[in-house]
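Heads up: the structure comes next, in structure tokens.
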Amino acid sequence: MSDLLANLNAPQLQSVTLPPVHALILAGAGSGKTRVLTTRIAWLISTNQLGPQGVLAVTFTNKAAKEMTARLSSLVPINVRGMWIGTFHGLCNRLLRAHYREVGLPQSFQIMDSADQLAMVKRLAKNLGLDDERFPPRELCQFINAHKEQGLRAAQAEAYDSHTQKRVDFYVEYENQCNREGVVDFAELLLRCYELLQRNEPLRTHYQQRFQQILVDEFQDTNRLQYAWLQLLAGGGAKIFAVGDDDQSIYRFRGAEVGNMRDFERDYAGANIIRLEQNYRSHGNILAAANAIIKFNSDRLGKNLWTDAGEGERIRVFEGVSDLDEARFVIEEIRELIRDGMTPTQIAILYRSNAQSRVLEHELFTKAIPYKVYGGLRFFERQEIKHALAYLRLLGNPDDDTAFLRVVNFPTRGIGARSLENLQAAAHQTHSSLYNAAASLSGKAGQAVGAFIRLIESLRLETEKLPLPEIIEHVIEKSGLAEHYRTDKEGQERLENLDELINAAATFVDDDGVVMSVEGEGGALASFLAHASLESGEHQAGEGQEAVQLMTVHAAKGLEFDAVFITGLEQGLFPHENAVNEGKDGLEEERRLMYVAITRARQRLYLCSAQTRMLHGQTRYCVPSSFLGEIPESLMLRLNKRQKAAPAVPVFGDFGGGYAEPVVDGLRVGLTVEHAKFGIGVIVATEGRGADARVQVNFASNGMKWLALEYAKLTPV
DNA sequence: TGGGAGTGCTTTTTT
DNA sequence: AGCACTCCCA
């Protein structure tokens, strides 16, 4: 045990060895958060204060859950397999499988991923005759998810106007449809589980007594429902050990409530708050820059990172003439770093939005530097995989309309839109699933549909006794999927992916399958399908290869690199204009994003921007990011002088403007102007000439606006 | 049925 | 610019 606690610093040690109390650990970037979390569990178990079954540890991503499990098993000699360590969704799924009767779900209920959900919403909206202009399916999805994440059922949703009322009505229909089909979406997993615990007193008591210690990772990312879920489970005396960093909360847009951290402080008055502020990752100058930036945010819980690693290098700042120029600079520097012995994998290029990767990729490709872009299509999201899974889902649950529609005519079997319309009408009338309604369909179309039903039935019979991988293999072959992709000229890769799916199933049976099939009564197939929905799979080709890492700042959270390039540091891009338009909260989230980006770097950090950038097919003139102006000049090393004579335009401080040709009336990009209504702003882009001329102005208090010069009065300031 | 043309959108993303 | 999605025609 002394080993366990060796090399922990004072606050880490204090956190790990806290008595059974509620605690909030404010863990700064690179301060050993995961280590504290896992050591805490290990310490509790190895000192016999708690059995492994008394622990509930929650994370957001499968990756984090896996890492925690792996680290834990290296710390204590216990079987971590059966422990309740997982994602919110994974754990709720586990609970719901165990108690499917109590929540009124079919034994082998299916989980819809976002794409499935969108498909269902589209279908339903169409059937209900909703105008998709006024009610875009994506918005309807968001509406439903947002409500569920607030813990609100349709009956509790408030509607102040008729438009919202329509959406609430739709929410009702959606719930009904999900129940009819026996499917749940991601948010439903949580809400259903929450309601189960809330309403079922014996069950609640059971779990409240079982879990004595509830540990939460990345607490700043929890939404309201997740927090309520935790509170419910902790209602019987269990202690919550929440680890998080309010400065790294970057998922507000998907429902995360940083406010939960303050609420936690309040709700568990006397919660021990411990700050982990010693950073073991970055050199001093890098941390100083991060601290300087984040200080501009209000309402922080307060925390200042420090290091004893020394100042290190200054932060390199480069301003390119164009996005291409910026990319060339970045890639040239990378070549040098590699030449000097740095491992490509230890170099990361970060950007605010995915679209920015294109130019960078092009340059990397040209210079033959191996690179890897994160954040593409994931394994279980590929169409061929989704098709195969849809067949499998129909075997377990014929009422799954989404699955039915996905493959009823794939590969094509002459079932067109017409017959499907008839089928849907029939299903709607009898309140039954498409599969059920298919029996009633007559005529030529009925025959084709009938053949499909018989196919599914025979697949079910044929695979009944087979082990999981063979079921999948059989289905892929006999459904005609394999044949379809064999004849498709670009089907080779898809065939390989389908093989990979069979492999995945084989591994699944060996690993998780054993545990899952004990827990979940749905059998191996149902467990595997749940696994496929919950873990979209980071099976990226070329993993482990030496390659420069490209990703968005969001994707970089939790990672670290020797050298980091933050690119596109321009006003409107980073901070993003949409966020800026949202006001103070939006801007502060962007600032936290910048904070996350900076703190990824160990030794060397580059801040790059461009004076012009291709955006949406147009050249846009850019002003350097306001964040650059928030870093003390003394920490920075400017790598280049302005390449054009600066028109000496002060913009929000002293970090200079962009440059371009005058448009009309002496107005040009970079110029600060005043508008009677919108106030002071900076011209960011121009378009057209003469009477058609328009300028885009970034107003300090009103955000980005396009203005026609013919009408708008702009006076240079 | 399937492809070609026309249309519109475009921050971040996990489960 | 690029991509996804829809619509319409052969």
Side-chain angles (χ1 to χ4, degrees), chain A residues 58-65 86-93 111-119 122 126 132-133 136-138 141-142 145 148-149 184-191 193 217-218 221-223 225-226 249-256 323 350-359 362 374-378 380-381 383 409-419 448 488 530-538 551-558 568 572-582 586 589-590 592-594 596-597 613-620 704:
Chain A
V58 206
T59 63
F60 275 87
T61 64
N62 292 299
K63 201 173 146 203
T87 62
F88 278 100
H89 295 85
L91 294 171
C92 287
N93 174 50
I111 302 164
M112 290 191 287
D113 66 14
S114 323
D116 296 331
Q117 186 188 29
L118 185 64
K122 273 186 186 165
K126 206 171 173 185
D132 60 358
E133 301 258 298
R138 272 175 203 289
C141 272
Q142 282 168 15
N145 293 340
K148 289 190 181 184
E149 280 162 12
V184 297
D185 58 45
F186 285 136
E188 183 70 25
L189 282 172
L190 291 167
L191 183 52
C193 187
D217 191 19
E218 307 274 15
D221 287 337
T222 50
N223 61 35
L225 179 57
Q226 285 158 341
S249 162
I250 54 174
Y251 287 109
R252 196 174 70 110
F253 69 92
R254 65 172 200 223
D323 46 357
L350 308 183
Y351 34 80
R352 175 67 239 266
S353 61
N354 283 305
Q356 289 167 250
S357 74
R358 183 163 254 103
V359 202
H362 180 80
Y374 287 80
L377 197 57
R378 269 163 311 174
F380 287 113
E381 288 165 3
Q383 65 142 308
N409 199 33
F410 193 96
T412 51
R413 359 185 119 81
I415 302 171
R418 192 63 155 281
S419 7
D488 191 304
H531 167 81
S533 298
L534 289 172
E535 184 160 2
S536 36
E538 264 295 312
M551 64 191 86
T552 62
V553 181
H554 282 91
K557 196 173 96 165
L573 191 61
F574 195 4
H576 197 275
E577 67 180 85
N578 294 359
V580 175
N581 287 339
E582 282 171 30
E589 174 127 329
E590 294 291 301
R592 290 192 292 268
L593 205 46
M594 183 66 185
V596 168
R613 180 176 298 277
M614 281 297 274
L615 208 64
H616 311 327
Q618 278 185 321
T619 303
R620 194 154 126 171
M704 216 62 98

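Here the structure is a predicted model, which means the values were calculated and not measured. Chain letters run A, B, ... following the sequence lines, proteins first and then strands; every chain starts at 1.
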Measure all distances between protein nitrogen or oxygen atoms and nitrogen or oxygen atoms of nucleotides 3-10 of chain C, and list the pairs falling under 3.5 Å.
unit_1	atom_1	unit_2	atom_2	d
C/dC3	OP1	A/Arg358	NH2	3.1

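- Rounded to whole angstrom, the span from the CD atom of A/Gln226 across to the P atom of B/dT15 amounts to 12 Å.
- Residue contacts for A/Asp113: at a heavy-atom cut-off of 4.0 Å it reaches no nucleic acid atom on any strand shown.
- With sequence neighbours left out, the side chain to side chain donor-acceptor pair (under 3.5 Å) criterion links A/Asp221 to A/Lys557.
- Legend: residues meeting ring-ring contact (aromatic ring centres under 6.0 Å, His included) with A/His576, ordered by chain and number and at least two apart, are absent.
- Take A/Glu149 and apply the salt bridge (Lys or Arg N to Asp or Glu O under 4.0 Å) test, not counting sequence neighbours, and it matches no residue.
- Using a 4.0 Å heavy-atom cutoff across all strands shown, A/Asp116 reaches no nucleic acid atom at all.
- When rounded to the nearest whole Å, the span between CG of A/Asn93 and P of B/dT14 equals 19 Å.
- A/Asp323 is linked by a salt bridge (Lys or Arg N to Asp or Glu O under 4.0 Å) to nothing, counting only residues two or more places apart in sequence or in another chain.
- Across the P atoms, B/dT13 and C/dA4 are found 16 Å apart, a figure rounded to whole Å.
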Next on the checklist: How would you summarise protein contacts on nucleotides 3-12 of chain B per nucleotide, using B for base, S for sugar-phosphate only and - for none, with heavy-atom distances below 4.0 Å?
Outcome noted: -------BBB
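- For A/Thr412 and A/Leu534, each mapped to the nucleotide of DNA chain B holding its nearest heavy atom, the one lying further toward the 5' end belongs to A/Thr412.
- Among residues two or more places apart in sequence or in another chain, the side chain to side chain donor-acceptor pair (under 3.5 Å) test is passed with A/Asn354 by none.
- Below the 3.5 angstrom threshold, one finds a donor paired with an acceptor across the side chain of A/Ser114 and the base of B/dT15.
- Remark: A/Asn409 engages A/Thr412, A/Arg413, A/Ile415 in a side-chain contact (heavy atoms from CB on, under 4.5 Å) (not counting sequence neighbours).
- In DNA chain C, runs of at least 3 consecutive Watson-Crick or G-U pairs, each pair with both distances below 3.5 Å, span B:1-10 with C:1-10.
- Per the geometry, CG belonging to A/Asp221 stands 13 Å off P belonging to B/dT13, to the nearest Å.
- Every side chain to side chain donor-acceptor pair (under 3.5 Å) that A/Ser353 has, sequence neighbours left out, goes to A/Gln356.
- In terms of the salt bridge (Lys or Arg N to Asp or Glu O under 4.0 Å) criterion, residue partners of A/Arg352 (sequence neighbours excluded) are, by chain and number, A/Glu590.
- Using modelled atom types, one side-chain atom of A/Asp116 and one backbone atom of A/Asp113 make a donor-acceptor pair closer than 3.5 Å.
- Distance, A/Glu381 CD to B/dT13 P: 12 Å, rounded to whole Å.
- Between the P atom of C/dG2 and the CG atom of A/Leu615 lies a distance of 13 Å, rounded to the nearest Å.
- Atom-to-atom, CD of A/Glu188 to C1' of B/dT14 comes out at 18 Å; the value is rounded to the nearest Å.
- Here the separation of C/dC5 from B/dT12, taken at their P atoms, is 16 Å to the nearest Å.
- Nucleotide B/dT14 holds its P atom 13 Å from the OH atom of A/Tyr374, rounded to whole Å.
- The main-chain N or O of A/Arg252 is found under 3.5 Å from a side-chain atom of A/Glu589 such that the two form a donor-acceptor pair.
- Per the geometry, CE belonging to A/Met551 stands 11 Å off P belonging to B/dT13, to the nearest Å.
- In this pair, A/Tyr251 and A/His554 present their aromatic rings tilted. The plane angle is within the 30 to 60° band.
- Partners of A/Ser533 by side chain to side chain donor-acceptor pair (under 3.5 Å), not counting sequence neighbours: none found.
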